[in-house]
J.: 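First the structure, which I've put down as structure tokens, then a few questions once you've had a look.
Atom set for the values below is all heavy atoms of this structure, side chains included, hydrogens, waters and symmetry mates excluded.
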Amino acid sequence: METKNYKNAVLDDKELQAGLSGINPKFGDFCTRVAGEAWGLPLIDQKTKALITIAVDVANQDQTGAGNPFGAHVNMAMQQGATREEIEELLLFMCVYAGFNKAAGCFGMLNEILGPA
């Protein structure tokens, strides 16, 4: 996956915005504005923010179903320079704090997104 290193991983990614609007136009606009503002905060870099969103997905068990954010967040993290290995380490770390079953589901989805390790 191409590293894009956006200054703002939401506001600068027109493909992401189109995907959000594809779920629902008002939802897409709302998410773009609100998340765009949060992603524009200056102290945490875009790659770290993308990895944090994956951790939240694990905790919320949001990796399956229509409109799930996990795949989008994996792609976002990789566009910002994260590696599969970093994402896998994050999932191992999350086993301790979110639970083994939640992490297992995310490992399964990660393999669907990126292919087997």
J.: Once rounded to the nearest 0.5 Å, what's the spacing between atom CD of Glu86 and atom CZ of Arg84?
T.: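 So the gap between those two atoms works out to 13.0 Å.
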J.: Please check if Phe100 and Leu110 belong to a single hydrophobic cluster, counting links between Ile, Leu, Val, Met, Phe, Trp and Tyr side chain heavy atoms closer than 4.5 Å.
T.: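 No, it is not one cluster - the side chains of Phe100 and Leu110 are not joined through contacts under 4.5 Å.
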J.: Please report the interatomic distance CE(Met94) to CD(Glu89), rounded to the nearest 0.5 Å.
T.: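 Separation between the atoms: 13.0 Å.
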J.: Just wondering, do Val56 and His73 contact through their side chains at under 4.5 Å, heavy atoms?
T.: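 The answer is no; the side chains never approach within 4.5 Å.
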J.: Could you tell me whether a side-chain N or O of Lys102 sits under 3.5 Å from a main-chain N or O of Ala59, the two making a donor and an acceptor?
T.: yes
J.: Are Leu90 and Tyr97 grouped together when hydrophobic residues (ILVMFWY) are joined by side-chain heavy atoms under 4.5 angstrom apart?
T.: yes
J.: Taking the side chain as every heavy atom from C-beta outward, state whether Ile113 and Asn75 have any pair of such atoms under 4.5 Å apart.
T.: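 Ile113 vs Asn75: side chains touch.
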J.: Hydrophobic clustering (ILVMFWY, side-chain heavy atoms < 4.5 Å, transitive) - are Leu92 and Ile87 grouped together?
T.: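 Yes, same cluster.
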J.: Could you point out which residue of Asn24, Leu20, Ile23 forms a side-chain contact (heavy atoms from CB on, under 4.5 Å) with Cys31?
T.: Leu20
J.: Quick check: closest heavy atoms across Ala35 and Val10, and the distance to 0.1 Å?
T.: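 Looking at all heavy atoms of both residues, the closest pair is CB-CG2, 4.1 Å.
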J.: Tell me whether Met78 shares a hydrophobic cluster with Phe93, the cluster being built from Ile, Leu, Val, Met, Phe, Trp, Tyr side chains joined at under 4.5 Å.
T.: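 Result: yes, single cluster for both.
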J.: To the nearest 0.5 Å, tell me how far Lys7 NZ sits from Trp39 CH2.
T.: 15.5 Å
J.: With a 4.5 Å heavy-atom cut-off, do Ile54 and Leu91 have their side chains touching?
T.: yes
J.: Tell me if a side-chain donor or acceptor on Asp12 pairs with a main-chain N or O of Asn8 at a distance below 3.5 Å.
T.: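 Side chain of Asp12 to backbone of Asn8, a donor-acceptor pair under 3.5 Å: yes, one is there.
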J.: From Glu85 CD over to Thr83 OG1, what is the distance, rounded to the nearest 0.5 angstrom?
T.: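 Separation between the atoms: 4.5 Å.
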J.: Any side-chain heavy-atom pair from Tyr6 and Leu11 closer than 4.5 angstrom?
T.: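 Heavy-atom side-chain distance check fails, nothing below 4.5 Å.
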J.: To the closest 0.5 Å, what do you measure between CD (Glu88) and CG (Asn111)?
T.: 7.5 Å
J.: Please check if Leu51 and Leu41 belong to a single hydrophobic cluster, counting links between Ile, Leu, Val, Met, Phe, Trp and Tyr side chain heavy atoms closer than 4.5 Å.
T.: no
J.: Is any side-chain heavy atom of Asp13 less than 4.5 Å from a side-chain heavy atom of Met76?
T.: no
J.: Do Gln80 and Lys49 come within less than 4.5 Å of each other through their side chains, counting heavy atoms only?
T.: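 Side chain of Gln80 against side chain of Lys49, heavy atoms only: no contact under 4.5 Å found.
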